[in-house]
K.L.:
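Here it is, the structure, as structure tokens.
Atom set for the values below is all heavy atoms of this structure, side chains included, hydrogens, waters and symmetry mates excluded.
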Amino acid sequence: MGQRRTVSIPIILVLGVIGYMYYTTIFIFIENWLGGLNTSHGILNGVAFTITTIICIITYWIAICKDPGGVPYNFMPDVEDSQTPIQEIKRKGGDLRYCQKCSCYKPPRAHHCRVCKRCVLRMDHHCIWINNCVGHANYKIFFVFVLYAVIACVHSLILLVGCVLDDAEKDGQLEDGSSRIHFIISGVLIVPLGTALSILLGWHVYLILQNKTTIEYHEGVRATWLAEKVGNVYRHPYDLGPYQNLTTVLGPNIFTWVFPTSRHIGSGVRFRTPFDNTDSNSSAR
């Protein structure tokens, strides 16, 4: 069952930042450097930035509202199911993972969120900026939002730098002194925000290429250390190879990777593994 979303202070803050960046980029940077929306360059940049901003707002709101995926009420792990070659077990005892708080078995890659107070399918993390978990059903949407947010920051920063340099060449002849205040505020805002979002984007690209979640990355660090202690090699059980990992998370059609589509994600209680291909080859023989 999905949870009712509420608008939180971080969400209001994010929407405020988006609104301020749009205002300064369209009505100050483009106006002062490119001659406003009366020139071809101004219209082109204005339209491009407007489209990017609209996509950011839409994907951001979907990430807030969309249920990340909860464990089905009738889920029961079947250890004898040949279609499920991997069963995740507890570190201690080796039993199938069972959530005492939700009173249900956990499917592979599911984890309990203390904030949402329920188990979330393929949970990556709980994000305060969307007041929601990032999980199986909304992970790609969250990723696409971050991607377009980075594009918007880079575009706005380029226009800001161009505007500042143009003003310097004119020996600071801007009639409106408030524009320089907006330059400073925007620089202080865009540079750290763009840097943080770029790092976040790079992090999730890295995770997608290995078909991992943030939680699984940290679990893998520990698993690798334990395996090396006894002379073994740990391999992430859902790593299908870079391209297969990309298509698994972002979709089989490369042209839809940058759009918030998620028809390809499946039920979230079973995921492909390298053992699937092994079993298929063995059956063919």
Side-chain angles (χ1 to χ4, degrees), residues 5 7-26 28-30 45-66 68 115 122-164 182-218 245-246 249-251 256-262:
R5 305 295 163 202
V7 177
S8 62
I9 293 177
I11 291 176
I12 295 173
L13 182 61
V14 170
L15 292 175
V17 169
I18 293 174
Y20 180 78
M21 282 183 58
Y22 183 78
Y23 169 77
T24 54
T25 300
I26 297 295
I28 296 179
F29 305 159
I30 291 178
N45 279 273
V47 170
F49 193 79
T50 298
I51 292 174
T52 305
T53 303
I54 291 173
I55 295 175
C56 279
I57 294 173
I58 292 174
T59 53
Y60 181 61
W61 197 252
I62 294 175
I64 293 170
C65 298
K66 192 172 182 63
V115 180
R122 195 184 180 275
M123 180 178 172
D124 186 88
H125 69 286
H126 183 90
C127 180
I128 63 169
W129 301 107
I130 64 173
N131 194 27
N132 195 6
C133 272
V134 177
H136 176 66
N138 67 348
Y139 179 83
K140 183 188 174 182
I141 295 166
F142 173 81
F143 176 80
V144 171
F145 162 68
V146 175
L147 171 64
Y148 281 101
V150 170
I151 293 173
C153 285
V154 172
H155 191 178
S156 184
L157 182 60
I158 291 173
L159 292 172
L160 169 60
V161 171
C163 200
V164 170
H182 286 297
F183 292 168
I184 297 172
I185 295 175
S186 296
V188 171
L189 183 66
I190 295 173
V191 172
L193 178 62
T195 302
L197 287 172
S198 297
I199 293 172
L200 181 63
L201 178 64
W203 169 247
H204 281 283
V205 169
Y206 168 78
L207 291 177
I208 290 173
L209 288 172
Q210 299 193 51
N211 200 2
K212 292 181 179 179
T213 64
T214 300
I215 294 174
E216 289 169 349
Y217 169 80
H218 293 292
N245 292 337
L246 283 168
V249 178
L250 302 180
T256 65
W257 286 2
V258 295
F259 296 101
T261 57
S262 56

K.L.:
Quick one: list whatever passes side-chain hydrogen bond (donor to acceptor under 3.5 Å, both in side chains) with Asn138, sequence neighbours left out.
P.N.:
none
K.L.:
Would you say the side chain of Val7 lies within less than 4.5 Å of the side chain of Leu15, judging by non-hydrogen atoms?
P.N.:
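Answer no - side chains too far apart.
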K.L.:
Cut-off 3.5 Å, no hydrogens considered: what does the side-chain donor-acceptor table look like for residues 150-163, sequence neighbours left out?
P.N.:
from   : atom 1 : to    : atom 2 : distance (Å)
His155 : NE2    : Asn45 : OD1    : 2.9
Ser156 : OG     : Thr25 : OG1    : 2.8

K.L.:
Holding to ring-ring contact (aromatic ring centres under 6.0 Å, His included), I want the full list of residues that pass it with Tyr217, two or more places apart in sequence or in another chain.
P.N.:
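Once residues adjacent in sequence are excluded, the partners of Tyr217 under the ring-ring contact (aromatic ring centres under 6.0 Å, His included) criterion are Trp203.
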K.L.:
Quick one: list whatever passes side chain to side chain contact (heavy atoms under 4.5 Å, CB included) with Ile62, sequence neighbours left out.
P.N.:
Ile58, Lys66, Ile141
K.L.:
Can you name the side-chain hydrogen bond (donor to acceptor under 3.5 Å, both in side chains) partners of Thr50, sequence neighbours left out?
P.N.:
Tyr22
K.L.:
Mind checking whether Phe29 and Phe183 have parallel, tilted or perpendicular rings, split at 30° and 60°?
P.N.:
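If you compare the ring of Phe29 with that of Phe183, the planes turn out tilted.
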K.L.:
With a 4.5 Å cut-off on side-chain heavy atoms, are Cys133 and Met123 touching?
P.N.:
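Sidechains of Cys133 and Met123: in contact.
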K.L.:
Locate the shortest heavy-atom distance separating Leu207 from Asp124; write the atom from each residue and the value.
P.N.:
CD1-OD1, 4.1 Å
K.L.:
Without swapping roles, check the side chain of Thr213 against the backbone of Glu216 for a donor-acceptor pair under 3.5 Å.
P.N.:
yes
K.L.:
Picking from Ile51, Val47, Thr53, what satisfies side chain to side chain contact (heavy atoms under 4.5 Å, CB included) with Phe49?
P.N.:
Thr53
K.L.:
Should Leu201 and Phe143 count as side-chain neighbours, where that means a heavy-atom distance under 4.5 Å?
P.N.:
yes
K.L.:
Please tell me if the side chains of Asn131 and Ile64 come closer than 4.5 Å, counting only heavy atoms from C-beta onward.
P.N.:
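When only atoms from C-beta onward are counted, Ile64 and Asn131 do not touch, as no gap falls below 4.5 Å.
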K.L.:
Taking side-chain hydrogen bond (donor to acceptor under 3.5 Å, both in side chains) as the definition, give me every residue that meets it alongside Thr261, ordered by chain and number, with sequence neighbours left out.
P.N.:
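Result, side-chain hydrogen bond (donor to acceptor under 3.5 Å, both in side chains) vs Thr261: Lys140.
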K.L.:
What pairs of residues pass the side-chain hydrogen bond (donor to acceptor under 3.5 Å, both in side chains) test when at least one of them lies in residues 183-200, not counting sequence neighbours?
P.N.:
none
K.L.:
Would you call Leu13 and Trp129 a side-chain contact if the rule is heavy atoms closer than 4.5 Å?
P.N.:
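Leu13 vs Trp129: side chains touch.
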K.L.:
Mind checking what makes side-chain hydrogen bond (donor to acceptor under 3.5 Å, both in side chains) contact with Tyr139, not counting sequence neighbours?
P.N.:
His204
K.L.:
Once side chain to side chain contact (heavy atoms under 4.5 Å, CB included) is applied, do any residues pair with Leu246, and if so which ones, sequence neighbours excluded?
P.N.:
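Testing Leu246 for side chain to side chain contact (heavy atoms under 4.5 Å, CB included), a comparison that skips the adjacent residues, returns Ile208, Leu209, Leu250, Trp257.
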